[in-house]
Amino acid sequence: MKKTIEQLYEHKIIAIIRGVKLTQMASLADALLKGGICCMEVTFDNCSERGQQETLESIHILKRTFDSQVVLGAGTVLTEKQVCDAQNAGASFIISPNVSKEVITKTKELGMVSIPGAMTPSEVVAAHGFGADIVKLFPAGMFGVSYLKAVRGPLRHIPMMAVGGINPDNIAEFLEAGACGVGIGGNLVNLKYIKDDRYDLISAEAKRFSDAIKI
């Protein structure tokens, strides 16, 4: 767990992978790595049992193919069972859109990094109290950098990650405002690029984000 947290703090960017086919997973991960991004969250498709199973298969494929080259996590985790299944598939961190004491507790019991989603100060404090390592402020882009600063004012002892609406133009602002990292979905994992087999464009976009945090 300590190593995973250190990697998340060091690399700062988590690519949120949602709606990507199993056959596209390896090519996508390779493209992200070429662009300098190694932390990846594969989100659970909770619309069907098959969707959930494909999520686990995707994590397993990435773990088997890239092993220590990638820092793998599962996203949209809503149940304790999903926490256990994700770990078995190869995930080392768990991200949720909400604050669930049961999910956080199970994640910590299994020695994984817990990153639940919260919006209000009350939710942030509750998540931290349940044992969360990092709290995902979501949707951060909708409320902006000023909201992150306001929440962090009295709660700067709680590590927060900004997710939602992050792009190459504002990523540095969120990090400068105190976010320990960011999660990026469609602005990075562009499904049209993937459909058109333009993984070179995924790599280019990943590099834009990587370069932005260096600047």
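Each residue takes its place number in the sequence, starting with 1. Keep in mind that this is a model prediction, so the values were computed, not measured.
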Rounded distance [0.5 Å steps], CZ in Phe66 versus CE in Met40: 7.0 Å
Atom NZ of Lys108: over 12 foreign heavy atoms under 6.0 Å: yes
Criterion side-chain contact (heavy atoms from CB on, under 4.5 Å) on Leu22 and Glu54, from CA distance to verdict: CA-CA 7 Å; Leu22 285 171; Glu54 287 189 358; 4.2 Å; yes
Contact check, side chains of Leu33 and Val70, non-hydrogen atoms, under 4.5 Å: yes
Same apolar cluster (I L V M F W Y, side chains within < 4.5 Å links), Phe44/Phe138: no
side-chain hydrogen bond (donor to acceptor under 3.5 Å, both in side chains) pairs, two or more places apart, involving residues 155-175: none
Beyond-backbone contact of Pro116 with Asn98, side-chain heavy atoms, under 4.5 angstrom: no
Closest approach of Ala179 to Arg152 (non-hydrogen atoms, all atoms of both residues): N-CD, 4.5 Å
Rounded distance [0.5 Å steps], CG in Asp196 versus CG in Leu191: 11.0 Å
Side-chain heavy-atom pair Leu137, Tyr147 within 4.5 angstrom cut-off: yes
Minimum heavy-atom distance Ala91-Ile59, with the two atoms named: N-CG2, 3.8 Å
Chi angles and distances behind the side-chain contact (heavy atoms from CB on, under 4.5 Å) call for Ile13, Cys39: CA-CA 7 Å; Ile13 298 173; Cys39 300; over 6 Å; no
Compile the donor-acceptor pairs under 3.5 Å between side chains in residues 76-85 and protein atoms, sequence neighbours left out, one pair per line.
{"from": "Thr79", "atom 1": "OG1", "to": "Gln82", "atom 2": "N", "distance (Å)": "3.1"}
{"from": "Lys81", "atom 1": "NZ", "to": "Asp85", "atom 2": "OD2", "distance (Å)": "2.6"}
{"from": "Gln82", "atom 1": "OE1", "to": "Leu78", "atom 2": "N", "distance (Å)": "2.7"}
{"from": "Gln82", "atom 1": "OE1", "to": "Thr79", "atom 2": "N", "distance (Å)": "3.4"}
{"from": "Gln82", "atom 1": "NE2", "to": "Asn46", "atom 2": "OD1", "distance (Å)": "2.6"}
{"from": "Gln82", "atom 1": "NE2", "to": "Gln52", "atom 2": "OE1", "distance (Å)": "3.0"}

Phe93 vs Glu41, side-chain contact (heavy atoms from CB on, under 4.5 Å): CA-CA, chis, key distance, verdict: CA-CA 8 Å; Phe93 63 90; Glu41 165 202 345; 4.3 Å; yes
Cluster check Met112, Ile104: I/L/V/M/F/W/Y, side chain < 4.5 angstrom: no
Closest heavy-atom pair and its distance - Cys180, Ile134: SG-CG2, 3.8 Å
Ile17 side chain near Thr43 side chain, heavy-atom distance below 4.5 Å: no
Steps toward side-chain contact (heavy atoms from CB on, under 4.5 Å) verdict (Ile94, Val113): CA-CA 6 Å; Ile94 296 294; Val113 175; over 6 Å; no
Approximate separation, where rounding is to 0.5 Å, of Asp197 CG and Ser27 OG: 7.0 Å
Salt bridge Arg198-Asp200, side-chain N to carboxylate O under 4.0 Å: yes
Shared hydrophobic cluster for Val99 and Ile158 (ILVMFWY, side-chain gaps under 4.5 Å): no
Min side-chain heavy-atom separation Thr4-Val71 under 4.5 Å: yes
Those residues that, when tested against Lys106, pass side-chain hydrogen bond (donor to acceptor under 3.5 Å, both in side chains) (two or more places apart): Glu109
Heavy-atom side-chain proximity of Leu188 to Ile166 below 4.5 angstrom: no
Sub-4.5 Å side-chain heavy-atom contact between His128 and Val125: no
Closest contact, heavy atoms only, Ile37 versus Ala15: CG2-CB, 4.2 Å
Separation of Glu176 CD from Ile213 CD1 (nearest 0.5 Å): 12.0 Å
Positive for salt bridge (charged side-chain N to carboxylate O under 4.0 Å, His left out) with Glu57, one of Arg64, Arg50, Lys63: Arg50
For Gln69 against Cys38, the heavy-atom pair lying closest together: O-CB, 3.4 Å
Side-chain ion pair, Lys3 and Glu6, N-O less than 4.0 Å: no
From CG (Leu32) to CD (Glu205), nearest 0.5 Å: 11.0 Å
Connected via hydrophobic side-chain network under 4.5 Å: Leu56 and Ile95: no
Ile115 and Leu8, any side-chain heavy atoms less than 4.5 Å apart: yes
Distance in Å, Lys12 NZ paired with Ile184 CD1, rounded so as to fall on 0.5 Å steps: 12.5 Å
Which atom of Ala212 lies closest to which atom of Ala172, heavy atoms considered: O-CB, 4.2 Å
Same apolar cluster: Phe130 and Met161, side chain cutoff 4.5 Å: no
